[in-house]
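So the structure is just underneath, and the comments pick up after that.
Quick note: numbers below take in every heavy atom, side chains included, and nothing from hydrogens, waters or symmetry partners.
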Amino acid sequence: MPVGGVRDGVRALGWGMSRQGLEAASGVVLTRSAWGEGDLSLTLFLKGMGLVRVFARGAAAGRVRFGGGTEPLVWGSFRLHRGRGGGVYLSAVDVVDGMIPLRRRPDPLRAAVRWSRLLVRHLMAEHPADDLLANLYWNMRLLAAPGVPPDAAEWRFLWRWLSAWGLAPDLARCAHCGAALGEASWTGEGLICAGCGPQGDRPRFSGEDLALLRRVAGTDVAGVERHGKLGELDGVRGTFALASRCVQGLLSQDIRSSDFKG
């Protein structure tokens with residue numbers, strides 16, 4: 001189960017790279033920070049490799065230029081090499097998608113940055129997660145789609161992430177008794193019907209809310225865009241935001257459970 005952080009996995013970086021020290025992979029820049037004397041430290045999420053910490057020598061000081069390829073949220077083809085000390089260094093980048101429409105809108109941009117932080121926090125370094133990488137790309141594209149609230153894209157991204165890990169809650173049946181859900185409340189175990197416990201101050205979802213959440217989670221990107229253009233996602237940002245907060249709690253629970261098991 002993916003747990004831990006990229007910093008913990010850097011020590012084991014060797015087996016993810018070829019022995020010749022050269023590698024090329026497509027993916028995205030999740031984080032960037034200054035490092036040493038004019039260098040940059042990048043966290044890349046790469047196809048076939050997962051999270052990799054990479055150094056871009058001279059990039060912060062402008063001595064080496066990568067044509068915007070070290071900007072967070074940029075997708076591209078990255079060429080890497082490993083130094084004698086074991087560190088991984090960026091040789092070149094071919095930018096494929098700079099996510100320009102997303103960058104022009106504050107709310108989608110904030111959501112994409114939030115997703116990047118979640119991935120760095122929850123994924124183990126050097127463990128491929130190609131399904132999640134594809135999920136990230138298409139939902140980042142969805143963030144910039146007209147008529148689609150960022151909260152809807154965030155719900156779709158998180159639910160599909162949990163689904164890939166086998167943690168996604170059942171949106172149609174009670175987690176306790178298995179009955180078909182109408183109005184339901186959220187617990188740490190998933191959604192439960194009114195007959196399985198007091199509602200209290202737990203987050204609640206109507207049957208209509210659940211139908212909408214199922215539709216957005218299970219529909220392809222083009223289908224969600226069509227729902228957005230038809231105005232079917234207007235006025236329901238609160239539902240998506242509440243559902244997203246609930247499923248993020250499941251990710252945290254999984255980390256705590258794995259840490260306890262050692």
Ignoring hydrogens and geometry, is there a side-chain-to-backbone donor-acceptor pair from Ser163 to Trp159 under 3.5 Å? no
Arg103 side chain to Leu109 backbone, donor-acceptor under 3.5 Å: no
Verify the cluster assignment for Phe157 and Leu242: are they in a single hydrophobic cluster under the rule of side-chain heavy atoms below 4.5 Å apart? yes
Can you get from Val64 to Leu40 by hopping between Ile, Leu, Val, Met, Phe, Trp and Tyr side chains that sit under 4.5 Å apart? yes
Would you find more than 12 non-hydrogen atoms of other residues, nucleotides or ligands less than 6.0 Å from Arg117 atom CZ? no
Please round to the nearest 0.5 Å and tell me the distance separating atom CG of Leu44 and atom CH2 of Trp75. 11.0 Å
Counting C-beta onward and ignoring hydrogens, is there a side-chain heavy-atom pair between Leu118 and Leu158 closer than 4.5 Å? yes
Worked verdict on Trp115 versus Leu30 for side chain to side chain contact (heavy atoms under 4.5 Å, CB included): CA-CA 9 Å; Trp115 299 359; Leu30 294 184; over 6 Å; no
Is the closest side-chain heavy-atom distance between Leu123 and Phe45 below 4.5 Å? yes
Within this structure, what is the OG1-CG distance for the pair Thr31 and Leu51, rounded to the nearest 0.5 Å? 9.0 Å
State which residue, out of Val148, Leu142, Leu143, fulfils the side-chain contact (heavy atoms from CB on, under 4.5 Å) condition with Pro108. Leu143
Do Cys193 and Cys177 have side chains that approach each other closer than 4.5 Å (heavy atoms only, starting at C-beta)? yes
Can you list the steps and then say if Thr70 with Phe78 is a side chain to side chain contact (heavy atoms under 4.5 Å, CB included)? CA-CA 10 Å; Thr70 60; Phe78 299 85; over 6 Å; no
What do the steps show when you test Leu233 against Val224 for side chain to side chain contact (heavy atoms under 4.5 Å, CB included), and what is the final call? CA-CA 9 Å; Leu233 306 180; Val224 178; 4.2 Å; yes
Students often mix this up, so state it plainly: with edges at 30° and 60°, are the rings of Phe55 and Tyr89 parallel, tilted or perpendicular? tilted
Taking side chain as C-beta onward, heavy atoms only, is Ser116 less than 4.5 Å from Leu73? yes
Say you draw a straight line from CG of Asp107 to CG of Asp151; how long is it, rounded to the nearest 0.5 Å? 8.0 Å
Closest contact, heavy atoms only, Glu126 versus Pro128: O-CD, 3.8 Å
Less than 4.5 Å apart, side chain to side chain, heavy atoms only: is that true for Asp170 and Leu191? no
By the definition side chain to side chain donor-acceptor pair (under 3.5 Å), identify the one residue from Glu154, Arg156, Arg160 that meets it with Asn139. Arg156
I'd like to know whether Val88 forms a side chain to side chain contact (heavy atoms under 4.5 Å, CB included) with Arg53, so could you lay out the CA-CA distance, the side-chain angles of the two residues, the decisive distance to 0.1 Å, and finally the verdict. CA-CA 7 Å; Val88 180; Arg53 190 182 187 188; over 6 Å; no
Under 3.5 Å donor-acceptor, Asp130 side chain and Lys47 backbone: no
Quick one: which residue pairs count as a side-chain hydrogen bond (donor to acceptor under 3.5 Å, both in side chains) with a foot in residues 210-224, not counting sequence neighbours? none
Return the minimal non-hydrogen interatomic distance between Ala180 and Arg173, and the atom names on each side. N-NH1, 3.5 Å
If I compare all heavy atoms of Arg105 with all of Ala145, which pair ends up nearest, and what's the gap? NH1-O, 3.7 Å
Using 0.5 Å steps for rounding, measure from the CG atom of Leu210 to the CD atom of Glu183. 9.5 Å
Do the non-hydrogen side-chain atoms of Tyr137 and Val28 ever get within less than 4.5 Å of each other? no
Those residues that, when tested against Arg141, pass salt bridge (Lys or Arg N to Asp or Glu O under 4.0 Å) (two or more places apart): Asp97
Expected output: side-chain Asn135 to main-chain Leu132 donor-acceptor under 3.5 Å: no
Is any side-chain heavy atom of Leu250 closer than 4.5 Å to one of Pro169? yes
Val236 and Phe205: same hydrophobic cluster, using ILVMFWY side-chain contacts below 4.5 Å? yes
Between CG of Asp131 and CG of Leu136, what distance do you get to the nearest 0.5 Å? 12.5 Å
Closest contact, heavy atoms only, Val216 versus Trp155: CG1-CD1, 4.0 Å
Quick one: sort the Trp161 and His122 rings into parallel, tilted or perpendicular, breaks at 30° and 60°. perpendicular
Restricting to non-hydrogen atoms, name the atom on Gly67 and the atom on Val95 that form the minimum distance, rounded to 0.1 Å. O-CG2, 3.9 Å
Rounded to the nearest 0.5 Å, what's the gap from OG on Ser185 to CD1 on Ile192? Could you check? 4.0 Å
Salt bridge between Arg79 and Asp94, side-chain N to carboxylate O under 4.0 Å? yes
Are the side chains of Arg63 and Asp39 in touch, meaning some heavy atoms are under 4.5 Å apart? yes
